[in-house]
Amino acid sequence: MEQQVETTDIIIIGAGPVGIFAVFEAGLLGLKCHLIDNLDRPGGQCTELYPEKPIFDIPSRPQVTGQELVDDLMTQASPFKPVFHLGQQAEALARQDNGHWRVTTTRGEIIEAPAVAVAAGAGSFVPKKPPYPRLDEFEEHSVDYAVHRMEKYRDKKLVIVGGGDSALDWAINLAPIAGAVTLVHRREEFRGAPDSVQQVLDLADHDGLEVIYGNITELQGDGGQLSAVQVTTLDGVVRDVACDYLLPFMGLKISLGPIAKWGLNLDRKHVEVNHETFDTDVEGIYAIGDVCHYPGKLKLILTGFYEAAVMVRTAFKYAFPDRKMARGYTTTNSEIQERLGVTPK
């Protein structure tokens, strides 16, 4: 039985802020997009690493959290009905006789388009998992590698593992709402910002946040729900710490994954592009956002937004050379406004 092939105008590899904004810019030109992302939700780093932490360098937004930015970008792109293929990687890339590209995902889904845009950020983010016995029994139930909604942990007993910025920041932010927070770190020196370290030590002195220096040696519980973790301290004392949720923040592994084998010109895991068009050295494939590199590159979200706007216009001319491209501004072009579903004043 022949596999079903979905067709679109642009396949975007990566559903972070830059990839989502590319949907909006493509939609203004009448182009449809499918997006593929290894995470189980749109948002990339903003959703996975700092959904509730503020960002201060988005134009016109003095302060916005990572999740708020993603939510607004999704709303902005919604008139163009993007199709998301989440929880999977773009695995195979093959040129077709008609000049189009077919991308096959790790779940076996096949998407075909005349243009492919790699917006994979720094690559796929996979949490470094601790080597705890029985860990897989509690994953998806009471072990979380990222905080997506703080309210989930209200009045719960939390054990946070790690000594870097993520572990320290979430210990500080969750202490006021959780029933109890215990921070476990394998040594007495922390890797996080000095101010964060001091805040954690101050909270440990006065506000019920406990810091234990040692290693988790056993997970306790049944049916996927933790009841306690066993901690062996640096001086050999074994303690059972009550625990509803375990949050290991031990870093992330970052990899381009199968994209690294696509024959693109790579420089230290970045894709070299023409900074005027965001073409790669493979016809019909483009790269934008943190994954791309060119002289003078600034790794900022706003830079990625600019790259997305230029890229979709380049891709339009390549994929549809006989089609007229809408020009002008969203404030004045009636064709663009019609695509957005807005009524001009």
Side-chain angles (χ1 to χ4, degrees), residues 2-15 18-36 73 76-85 90 92-105 109-120 259 262-265 271-289 291-292 294 303-344:
E2 187 176 349
Q3 288 182 282
Q4 181 180 354
V5 178
E6 300 185 68
T7 59
T8 189
D9 297 318
I10 302 178
I11 300 168
I12 299 174
I13 313 300
V18 173
I20 299 170
F21 187 68
V23 171
F24 173 77
E25 287 292 329
L28 297 181
L29 304 182
L31 303 181
K32 298 295 184 182
C33 298
H34 281 228
L35 299 92
I36 303 169
L73 286 166
Q76 188 178 36
S78 62
F80 307 116
K81 298 179 174 56
V83 179
F84 290 90
H85 305 262
L93 177 73
R95 194 71 178 259
Q96 303 303 296
D97 292 340
N98 61 1
H100 290 187
W101 291 102
R102 277 192 184 178
V103 174
T104 303
T105 75
E109 298 182 20
I110 303 174
I111 310 110
E112 181 177 317
V116 175
V118 180
I259 294 174
W262 284 7
L264 305 177
N265 185 21
V271 180
E272 296 279 355
V273 297
N274 179 336
H275 72 279
E276 295 180 350
T277 59
F278 300 98
D279 290 279
T280 68
D281 60 341
V282 179
E283 190 176 51
I285 300 182
Y286 308 86
I288 55 176
V291 75
C292 80
Y294 51 88
T303 306
F305 290 163
Y306 160 77
E307 294 165 355
V310 175
M311 180 276 296
V312 297
R313 285 157 176 79
T314 306
F316 183 100
K317 294 175 183 176
Y318 167 77
F320 306 102
D322 299 326
R323 188 186 300 181
K324 183 179 179 182
M325 183 168 59
R327 301 183 182 277
Y329 305 102
T330 57
T331 52
T332 57
N333 187 304
S334 59
E335 182 181 3
I336 290 176
Q337 291 171 348
E338 183 177 351
R339 289 171 179 161
L340 283 169
V342 298
T343 303

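Note that the numbering runs from 1 along the sequence shown for the chain. Heavy atoms only: backbone and side chains are in, while hydrogens, waters and symmetry mates are out.
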At their closest point, which heavy atom of Ala15 faces which heavy atom of Phe84, and how far apart are they? CB-CE2, 4.0 Å
As an exercise, state the distance from CD1 of Ile11 to CD of Glu6, rounded to the nearest 0.5 Å. 10.0 Å
Result of checking Thr105, Thr7, Val5 against Ile111 for side-chain contact (heavy atoms from CB on, under 4.5 Å): Thr105
Kindly give the heavy-atom pair with the smallest separation between Pro114 and Trp101, and that separation in Å. O-CD1, 3.8 Å
Could you check whether atom CD of Gln96 has more than 12 heavy atoms from other residues, nucleotides or ligands sitting under 6.0 Å from it? yes
Could you tell me whether a side-chain N or O of Thr104 sits under 3.5 Å from a main-chain N or O of Ala92, the two making a donor and an acceptor? no
Between Val23 and Pro82, the two heavy atoms sitting closest are CG1-CB, 3.7 Å
Do Phe278 and Tyr286 have ring centroids that are under 6.0 Å from one another? no
Separation between CZ (Phe320) and CE (Met325), nearest 0.5 Å, reads 12.5 Å
Pair up each side-chain donor or acceptor in residues 306-316 with any protein partner under 3.5 Å, not counting sequence neighbours, and list the distances.
from: Glu307; atom 1: OE1; to: Gly289; atom 2: N; distance (Å): 2.7
from: Glu307; atom 1: OE1; to: Lys297; atom 2: NZ; distance (Å): 3.1
from: Glu307; atom 1: OE2; to: Tyr294; atom 2: OH; distance (Å): 2.6
from: Glu307; atom 1: OE2; to: Lys297; atom 2: NZ; distance (Å): 2.7
from: Arg313; atom 1: NH1; to: Glu25; atom 2: OE1; distance (Å): 3.0
from: Arg313; atom 1: NH1; to: Ala309; atom 2: O; distance (Å): 2.9
from: Arg313; atom 1: NH2; to: Glu25; atom 2: OE1; distance (Å): 3.4
from: Thr314; atom 1: OG1; to: Thr277; atom 2: O; distance (Å): 3.2
from: Thr314; atom 1: OG1; to: Val310; atom 2: O; distance (Å): 3.1

Interatomic distance, CD1@Ile336 vs OG1@Thr332, rounded to 0.5 Å, equals 7.5 Å
Interatomic distance, Phe24 atom CZ to Thr330 atom OG1 [nearest 0.5 angstrom]: 6.5 Å
Using the side-chain contact (heavy atoms from CB on, under 4.5 Å) rule, take Ile20 and Ile12 through it: C-alpha gap first, then chi angles, then the decisive distance, then the call. CA-CA 9 Å; Ile20 299 170; Ile12 299 174; over 6 Å; no
Is there a donor-acceptor pair closer than 3.5 Å between any side-chain N or O of Asn333 and the backbone N or O of Ala326? no
What is the minimum heavy-atom distance between Phe80 and Arg339, and which atoms define it? CE2-O, 3.6 Å
State whether the side chain of Arg102 and the backbone N or O of Glu112 hold a donor-acceptor pair below 3.5 Å, judged by distance alone. no
Can you give me the closest heavy-atom contact between Val118 and Val291, atom names plus distance? O-CG1, 3.5 Å
In the structure I gave you, are the side-chain heavy atoms of Glu283 and Arg95 within less than 4.5 Å of one another anywhere? yes
Between Leu340 and Leu28, is any pair of side-chain heavy atoms under 4.5 Å apart? yes
Any donor-acceptor pair under 3.5 Å linking the side chain of Asp9 with the backbone of Leu31? no
Assess whether atom NE2 of His100 is packed by more than 12 heavy atoms of other residues, nucleotides or ligands within 6.0 Å. yes
Point-to-point distance, once rounded to the nearest 0.5 Å, from OG1 of Thr280 to CG of Asn274: 10.5 Å
Could you walk me through whether Leu35 and Val83 satisfy the side-chain contact (heavy atoms from CB on, under 4.5 Å) test, starting with their C-alpha distance in whole Å, then the side-chain angles of each, then the deciding distance to 0.1 Å, before giving a yes or no? CA-CA 6 Å; Leu35 299 92; Val83 179; over 6 Å; no
Working to the nearest 0.5 Å, report the span between CD1 of Ile10 and CG of Leu29. 8.0 Å
